[in-house]
Number of protein chains: 2
Amino acid sequence: MNDQHPRVVTRADVARLAGVSTAVVSYVVNDGPRPVAADTAARVREAIEMLGYRPNASARALKLGTTGVLGLVVPDSSNPFYAELALEVERSATRRGLALLVASSNSDLELESRLIQDLASRQVDGLLVSAISGPPRITAGASRIPVPLTYLDAQLPVEGVSTVSSDGEAGARMLVQHLLRVHGHSTVALLMGTASTGWVDGRELGWQRTLREHGAPDAPLERAPFSRKGGYEGGLRLLRGRGRPAAVFASSDLQAIGLLRAAHELGIAVPGELAVVAYDGTEESEYCWPPLTCARQRIADIAEAAVNAVLDGRAPTHRVFDVDLLIRRSCGCTGEEPGELRTRRARPRDRIGPPPT
Amino acid sequence: MNDQHPRVVTRADVARLAGVSTAVVSYVVNDGPRPVAADTAARVREAIEMLGYRPNASARALKLGTTGVLGLVVPDSSNPFYAELALEVERSATRRGLALLVASSNSDLELESRLIQDLASRQVDGLLVSAISGPPRITAGASRIPVPLTYLDAQLPVEGVSTVSSDGEAGARMLVQHLLRVHGHSTVALLMGTASTGWVDGRELGWQRTLREHGAPDAPLERAPFSRKGGYEGGLRLLRGRGRPAAVFASSDLQAIGLLRAAHELGIAVPGELAVVAYDGTEESEYCWPPLTCARQRIADIAEAAVNAVLDGRAPTHRVFDVDLLIRRSCGCTGEEPGELRTRRARPRDRIGPPPT
DNA sequence: CTGTTAGCGCGTTCAG
DNA sequence: CTGAACGCGCTAACAG
């Protein structure tokens, strides 16, 4: 039972050992705000090294009013999309010397709002929220939160709060257009999520409008949770019903993967008898079978932009990122050599070229 | 540009409004340590409500020497296994009113040790580490860290530090035995990970010993990173080489999923021409095709035990959890109705029964 | 220019 | 129920 908790070393210990005052230790540690003679500084650094001194973050936070911690609230941190997002946020934070406090709201409005309050009371320097609650609720809460807030993955700009998101409508358009034009489908069904409250989802809009613009007949819309299980069950409903669609756009990778399982179990060949495309483009979409053609969100860019937005303390901004079209096999394209993916930069209303051969 | 940062409300504001001293505010907020008259307390609570007062966590932490924050270090928080683990740790922490600081070491020894130091200097109340570094390095570092440390997912008990993990050897035995006995394979290849340094991996041991005990001939062992890509590339090597195995045990879901992709691309039928089993049992293993037979780690139990261990401040303990055998299709079993999985509790050396029909 | 002293930030808690 | 000391680090003000 060795003592894992040796006496905590404070500034005073270092000062004593180095034969200086505590102020000098501080000046050395922070490289300012006052200069210290080179040899004195060296002595202090040596003492710090010997004692293993690390400044007490709580004291520092109290004095400075800044904790060096960012908070992130997501609906479900084990969902691969949010897991990848959290990792990228963490990386962006680490790059700036910040740590990341992660909380999952479990898609529960009540819990989400409690978590936001809790993180705020922990004096995080900024709060990134991928909320399930719609705009009214958000803005109402935001003004009471004494912490900069940025809204991640928001489907719409929200007044008074910075938002960062992907262009869901453009992504949906690209995918649906691909199925219509390249593969000649007459229409495309939608497997949509259910989690959002109070939003109009860009993906749904994009799907709807694209069909309309192409004069495509109405197609089934199935709603199911943003999960593999949700996609599976929604998929079964979609595929077992009469008028089984020949092409489906899933609003998330996870749902598409559930849909694939449903298709496999029903003996429906993908892409032969059923073309599938999905929104998100997490790594899992590349390794399921068949690999999914999808619109990939630029997660790292989104994370970086969100961290920037929440830290810069300026007027709220609303950034929308393009998505990338990843052509793989699930849509009926040939697919390509392993590891090499044909990518096309999305621009809204972008015209998709002829099928790869 | 509404002001998101109204003046921060402190205890003093509340005290003034309620007409009491700051001490009373504290007693009311913390329900102690001294009693407060009921009507006074009511007045204080009203003032708190009106002003929206929230205690400053930094000041509190400084005074109490406890932050209410746990730290978690994993190699890669976007890996589904670690993502699920992190989520469960977060849940266990939230249940106790603690927040969770997550950091990813990116499988980098240097970074891992920096992150541990950083979290420690932030006065986390406990540190959970799923380390890539082996025991010597850990113990060396542990004694310098002024924070309780628990080792997650450790392959072996480590002296002086609490460890919590699954019984990797038993899991490997179950899976390999299943292939040998139930499906009559003569031997089983291993697709092993590479990340661990300085460990003897229980999964590898279990595989090796089980083969030996059954007098099975030597089988290929392929090493690849713990990732889908690693599994894919290792899988290609394994499947393209001469003496292609008829059964493979993958040391993680992710690798098995990469292996499945390799098999699909090579036109090798699973389970017809190739049986696959895997260790981990994350949700993804249920939704790939075919669904993976695997040894599932009890992630929630592990997380809960780890949080307990790191908080209870007693002598180091070493807990090892059984894994559950999930029979699905990738091994050659028939599989079952969707959502209903046949589960068998693992006990080391457990004998597996006849094949399900 | 180099170094020291002392007050402050905010919540907790003991002596009064 | 109040007053005040304390936890630790930061930095303005001051001294040599």
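Reminder, nothing fancy here: chain letters follow the sequence lines and each chain counts from 1. It should be emphasised that the depicted structure is a prediction, and the values quoted were computed from it without experimental measurement.
- Between G19(B) and R43(B), the shortest heavy-atom contact is O-NH2, 4.1 Å.
- The side-chain hydrogen bond (donor to acceptor under 3.5 Å, both in side chains) test applied to T282(B) returns D253(B), not counting sequence neighbours.
- In this structure, the salt bridge (charged side-chain N to carboxylate O under 4.0 Å, His left out) partners of R96(A), at least two apart in sequence or on a different chain, are E304(A).
- Close approach of DNA chain C to chain A, defined as any atom under 4.0 Å from a non-hydrogen atom of the protein, starts and stops at dT2(C) to dC10(C).
- The end-to-end axis angle of the helix from dC1(C)-dG16(D) to dG16(C)-dC1(D), rounded to 10 degrees and based on five pairs per end, is 50°.
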Go through it in stages, so that I can follow the logic: the residues are Y82(A) and S130(A), the test is side-chain contact (heavy atoms from CB on, under 4.5 Å), and I'd like the CA-CA distance, side-chain angles, deciding distance and then a yes or no. CA-CA 9 Å; Y82(A) 293 117; S130(A) 181; 3.3 Å; yes
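- For A83(A), the side-chain contact (heavy atoms from CB on, under 4.5 Å) test picks out A83(B), with sequence neighbours left out.
- Within the structure, every pair that satisfies the side chain to side chain donor-acceptor pair (under 3.5 Å) test and touches residues 55-70 of chain A, not counting sequence neighbours, is listed here: N30(A)-R60(A), T66(A)-D125(A), T67(A)-D125(A).
- Contact between V147(A) and V124(A) at its shortest, heavy atoms only, is CG2-O, 3.5 Å.
- Residues satisfying the side-chain hydrogen bond (donor to acceptor under 3.5 Å, both in side chains) criterion with S105(B), sequence neighbours excluded, are absent altogether.
- Residue contacts for V29(A): at a heavy-atom cut-off of 4.0 Å it reaches no nucleic acid atom on any strand shown.
- Judged by closest nucleotide on DNA chain D, A41(B) is the one of N30(A) and A41(B) placed further toward the 5' end.
- Looking at residues 21-28 of chain A, you'll see A23(A), S26(A), Y27(A) sit with a heavy atom under 4.0 Å from some atom of DNA chain D.
- Contact check of residues 54-63 of chain A against DNA chain D (heavy atom, cut-off under 4.0 Å) returns P55(A), N56(A), A59(A), R60(A), K63(A).
- Taking R54(B) as the reference, nothing meets the salt bridge (charged side-chain N to carboxylate O under 4.0 Å, His left out) condition, with sequence neighbours excluded.
- Here A37(B) lies in heavy-atom contact (under 4.0 Å) with sugar-phosphate atoms only.
- The side-chain hydrogen bond (donor to acceptor under 3.5 Å, both in side chains) test applied to R11(B) returns T22(B), not counting sequence neighbours.
- Residue pairs that meet the salt bridge (Lys or Arg N to Asp or Glu O under 4.0 Å) test with at least one member in residues 70-80 of chain A, sequence neighbours left out, do not exist here.
- Counting only distance, with no hydrogens or angles, the side chain of T40(A) and the backbone of V36(A) share no donor-acceptor pair below 3.5 Å.
- Around CG of D39(B), the count of heavy atoms belonging to other residues, nucleotides or ligands within 6.0 Å exceeds 12.
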